[in-house]
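In what follows, a single structure is set out as structure tokens and then discussed.
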Amino acid sequence: MNVGTVFGVGVGPGDPELVTVKAAQLLGRAPVVAYFSKRGNVSNAFSAAQRYLQPGAEQLPLIYPYTVELSARDPRYISALRGFYLQASASIMERLARGLDVAVLCEGDPLFYGSYLHLHAILQREHRCVVIPGITSFAGCAARAGLPLVSTDRVFSVLPGTLPEAELEQRLRAPDAVVIIKLGRNFAKVRGVLERVGRAADATYVEHGTTQRERLLPLREKTDAQSVYFSLILVPQLGALPARAEEAPWPQS
Ligand SMILES: C[S@@+](CC[C@H](N)C(=O)[O-])C[C@H]1O[C@@H](n2cnc3c(N)ncnc32)[C@H](O)[C@@H]1O
């Protein structure tokens with residue numbers, strides 16, 4: 001009997017219309033659809049993809065043992081997550097062995113900080129794994145904000161808010177354009193660093209970008225000290241794009 005294929009399917013930042021044609025077509029014929037989820041929560045990736053699934057497709061939730069309850073460096077977290085990925089891979093492999101293809105839904109792009117990466121590392125040893133790229137969260141959020149991300153020969157950095165404060169500060173002192181992801185409990189720390197290096201005034205905060213729950217505002221107008229997990233901060237490059245055409249660095253005609 002044929003063995004199934006694993007598809008890591010990027011479903012974009014949340015708006016179902018930002019699912020690519022390729023992903024939608026694949027989801028329309030996938031017999032098994034797996035998705036990561038926090039216990040008791042609706043998965044964002046599932047919400048974005050739901051309308052494209054074929055009726056009768058098996059839904060395979062992969063429930064995280066922890067999300068933010070323990071630090072990612074806590075040995076209990078590391079050991080529980082290792083067990084979780086092995087178990088999730090085993091249930092996917094059981095379907096593959098029956099000749100079924102399995103689509104694993106991923107928010108944004110699967111290879112950009114996605115949980116799918118861990119399954120990919122295990123499953124690709126013995127199985128065919130195909131990745132369908134998706135629109136990343138920062139691309140979706142920058143588009144909603146109408147903010148240029150980076151231009152010409154400038155550098156663009158992605159910083160996880162989970163980095164130690166000193167490292168965040170050192171990196172934010174460079175004039176690069178930056179997106180800071182994984183805020184949640186790290187929000188107050190990140191805002192403090194942005195204020196210290198003088199970049200808070202230009203920053204934009206976006207939560208649940210591109211969805212019906214979207215909240216998008218200048219960081220200086222966000223007065224509460226908390227943020228949700230699905231949030232990020234866009235920080236423009238210093239000396240950002242010229243506001244008027246006559247200030248542009250290219251020759252004027
Ligand atoms: C584990 S990373 C996954 C990134 C995802 N694979 C991507 O391509 O964007 C999760 C982080 O992405 C960001 N994120 C994902 N979706 C988002 C959205 N719709 N709005 C704002 N931030 C989002 C948040 O910073 C969140 O903590």
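Atoms within a ligand are numbered from 1 in the order they appear, just like the ligands themselves. By convention here, the first residue in the shown sequence is residue 1. We use all heavy atoms of the structure for the numbers below, so side chains are in, but hydrogens, waters and symmetry mates are not.
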Inset, instruction - Using salt bridge (charged side-chain N to carboxylate O under 4.0 Å, His left out) as the criterion, list what pairs up with K182, not counting sequence neighbours. - result: none
Inset, instruction - Please collect all side chain to side chain donor-acceptor pair (under 3.5 Å) contacts where either partner lies in residues 110-120, sequence neighbours excluded, each pair once. - result: Y64-S115, Y116-H120, H120-Q124
Inset, instruction - Look at the rings of F187 and Y205 and say which category their plane angle falls in: under 30° parallel, 30 to 60° tilted, over 60° perpendicular. - result: perpendicular
Legend entry - ILVMFWY cluster, F7 and V102 together (side-chain gap under 4.5 Å): no
Legend entry - Residue shell around ligand 1, heavy atom under 4.0 angstrom: P13, E107, G108, D109, F112, Y113, T136, S137, C141, I181, K182, V206, H208, G209, Y229, F230, S231, L232
Legend entry - All salt bridge (charged side-chain N to carboxylate O under 4.0 Å, His left out) counterparts of R171, not counting sequence neighbours: E167
Inset, instruction - Would you tell me whether E107 and S137 have side-chain atoms, one donor and one acceptor, within less than 3.5 Å of each other? - result: no
